[in-house]
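Residue numbers begin at 1 in each chain, while the letters A, B, ... track the order of the sequences.
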Protein chains: 2
Amino acid sequence: MTDTDSSPTLERKRGSGVKMVYDLLRDEILDLALPPGSPIDEVQLAERFKMSRTPIREALVRLAGEGLIDTLPNRSTMVSSIDFLNMHTFFDALVLMYRVTTRLAAQNHRPEDLPVIRGFHEDYAEAIKSGDALAMIATNAAFHAAIAEAGRNPYFTSLFRRLLDEGRRILRLYYQSYEEQFPQRFVDEHAEIIAAITARDLEAADRLGKAHAEQIVQQVQKLFARKNTLDIAL
Amino acid sequence: MTDTDSSPTLERKRGSGVKMVYDLLRDEILDLALPPGSPIDEVQLAERFKMSRTPIREALVRLAGEGLIDTLPNRSTMVSSIDFLNMHTFFDALVLMYRVTTRLAAQNHRPEDLPVIRGFHEDYAEAIKSGDALAMIATNAAFHAAIAEAGRNPYFTSLFRRLLDEGRRILRLYYQSYEEQFPQRFVDEHAEIIAAITARDLEAADRLGKAHAEQIVQQVQKLFARKNTLDIAL
DNA sequence: TGTATTTTATTTGTCGACAAGAAAAATACA
DNA sequence: TGTATTTTTCTTGTCGACAAATAAAATACA
C-alpha cells in the first residue's frame, strides 16, 4: 500500500460538499451556534471540511442570497445581524403569512397532508411537555411549514419559510436567556387550527391563524420588553 | 509597445464581473431574449465576457437562488420554465402583495418617496401613449416596486419584486404575440392609488390596490384564454 | 436490422495557485 | 508624543487545469 492510496472514507460524492456546508452553516446560524456578527472565514471552513475554497464559496453565496450572511466586498463576511429596530416589519409579515397559509391549507390540502401535520402537532405537544425549548421552537416551525406546504402556493411558502427561519433565531435568543415556556394554550390552538383545516372552513382557518400568530408575537414582545428592562437595570 | 501591454480598456474592477453577468443574464431572461428552456453554457459565457468560469458560476448560483434558472446536477443548466398550470398561485400572491404594499405605503411613506412614485407614474403614462409594450411592462413594475419600497417592509418588498419579475416574463410573452395595449384605465387607477397613499388613507389604498391587481390579472387571463383558443384553432 | 456494450466527447465540479484590495503594523517625521 | 506614510499581512476574487459524471457515438453481437 503506497501513499497514493488515499483513504477512501474521506471521499465525498461530487456535488455533495456544497450541500453539506450549506446545511451545516445554516443550522449553526439559526441555532445561534454562530451568533450574529460572527466572522466567516473561507480558509478555515475549507480546512474544517477538507475541501477547497470553491465549494465553500458556493455555499456562502447561497446563504448570502437568503440574507443569512452579509458580505463586504474584498473584505470580511459575517453572520447577518438581527434587526431589532425594525422587528415590527418581521411581525407584520409573519402574522400575514400565518393567516394566508392556514387559509390556503383549509382550501387546498389533500388527504395525505393531514397525517404529516398531525405528526408535527404531536411532536410539538411532546416538546412542550418535556420543557425542551429548542425542540419547541423547531417543531412549531415544522408544524406551520407543513401547513404552508399543504396550502400549495410556493410563493407564500418560500417567504414563510424565510420568516420561520428568522423567527428561529429570535426565539432561540430569548429562550436561551430566560428558560421561558411556551404556554399549553399554543397546543390547544394548534388543535383548533387542524380542525378548521380538516373541515375546510376557510374563515375559521384564517381567523385562528391570525389569532395564533398574534399570540406568538405578543409572547415574543413580552420577552423582548422584559429583556430591555433588565438590560437597563444592569 | 509589446504584447505584454494588454489593452487596459478590457480590465474590469475586481468583483464587478459577477454583477455584470448577473444583471445582464437576468435582463435577458426577464425580457425573454433567453426564453424558458434555453441552455446556459458556462464556457460560452466565459468566452463572451472574457473571464474565467468562476465568476460566471457565482452569477449562475445567484440566479438559481431566485428561481430564474434550473440546474440539473452534473448536467445542464437552463432558463426556468413558466408554470402555466399553477398560474393561479402566482395571481393569488400577486394580488395580495399589491394590496399589502399599497396599504403599507399609505401608512409608512415619507415625503421624499412621493416624487419617485410620481416619476414612474409619468413614465408609465408616456409608455401607454407611445404604445411601447416593453416600456409599459417595465414602468408598471417600477411604479409598484417604488410603492413597495415606500411601505418599508423588506420581507414584502422582496417577495413582491420576485413576483413582478415573473410577471415581466409572462406579460412579455403575451404582448409580443398580440401587440395588445394596456387600457388607459390603468393610468387613472395609478393616479387614484397615488392620491390614497398621499392622503394616508389605508383602507382606500388597500381597496384600490386590490382592485387594480385584479384588473391586471383579468387582463392577463383574457390574453391567456385567447391564446389557448387560437392554439386550439390552429 | 435491432439491441447491448464499449468508447469517445462534452460539461460540470473541484482544486491549488496567484494577484488585487483593504486593514493592520511598522516606520518616518514633526 | 502624535500624525502621515510606507510596508506588511491577511482575506478575497479570479484564473487555468484536471477529474468525475453523464450523454452521445461507435462498435460488437444476435
Exercise for the section: Using a 4.0 Å cut-off on protein heavy atoms (strictly under), produce a 5'-to-3' string for nucleotides 14-22 of chain C with B for base contact, S for backbone-only sugar-phosphate contact, and - for none. Expected result: BB-B-BBBS
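In this structure, B:His190 and B:Tyr124 have tilted ring planes: the angle between them lies in the 30° to 60° band.
If you take CZ of B:Arg62 and P of D:dG13, they are 10 Å apart, rounded to a whole angstrom. Summarising the geometry, the separation between CG on B:Leu72 and P on D:dA20 is reported as 22 Å, rounded to the nearest angstrom. The CG-C1' distance, from A:Leu45 to D:dT11, rounds to 13 Å in whole Å. In this structure, CD of A:Gln44 is placed 10 Å from P of D:dT12, rounded to the nearest angstrom. Atom CD of B:Glu42 is separated from atom C1' of C:dT11 by 8 Å (rounded to the nearest Å).
In this structure the side chain of A:Asp83 never reaches within 4.5 angstrom of the side chain of A:Thr89, judged on heavy atoms.
No side-chain donor-acceptor contact under 3.5 Å links A:Asp132 to the backbone of A:Ala127.
Within 4.0 Å (heavy atoms only), B:Thr77 reaches sugar-phosphate atoms of the nucleic acid but no base atom. If you check every strand for non-hydrogen atoms under 4.0 Å, B:Ile40 touches sugar and phosphate atoms only.
We find that B:Arg161 and B:Glu149 are joined by a salt bridge, their nearest charged nitrogen and carboxylate oxygen being less than 4.0 Å apart. Comment: A:Asp23 does not engage A:Arg62 in a salt bridge, judged by the lack of any side-chain N to carboxylate O separation of less than 4.0 angstrom.
With sequence neighbours excluded, the residues that form a side-chain contact (heavy atoms from CB on, under 4.5 Å) with B:Arg169 are B:Ile29, B:Leu30, B:Leu32, B:Pro36, B:Val79, B:Ser80, B:Ile82, B:Glu166.
The local environment of CD in A:Glu28 is crowded, with over 12 non-hydrogen atoms from other residues, nucleotides or ligands closer than 6.0 Å.
Tested against B:Asp31 for a salt bridge (charged side-chain N to carboxylate O under 4.0 Å, His left out), the candidates B:Arg172, B:Arg168, B:Arg26 yield a single pass: B:Arg168.
Rounded to 10 degrees, the angle separating the terminal axes of the helix from C:dT1-D:dA30 to C:dA30-D:dT1 is 10°, with each axis obtained from five end pairs.
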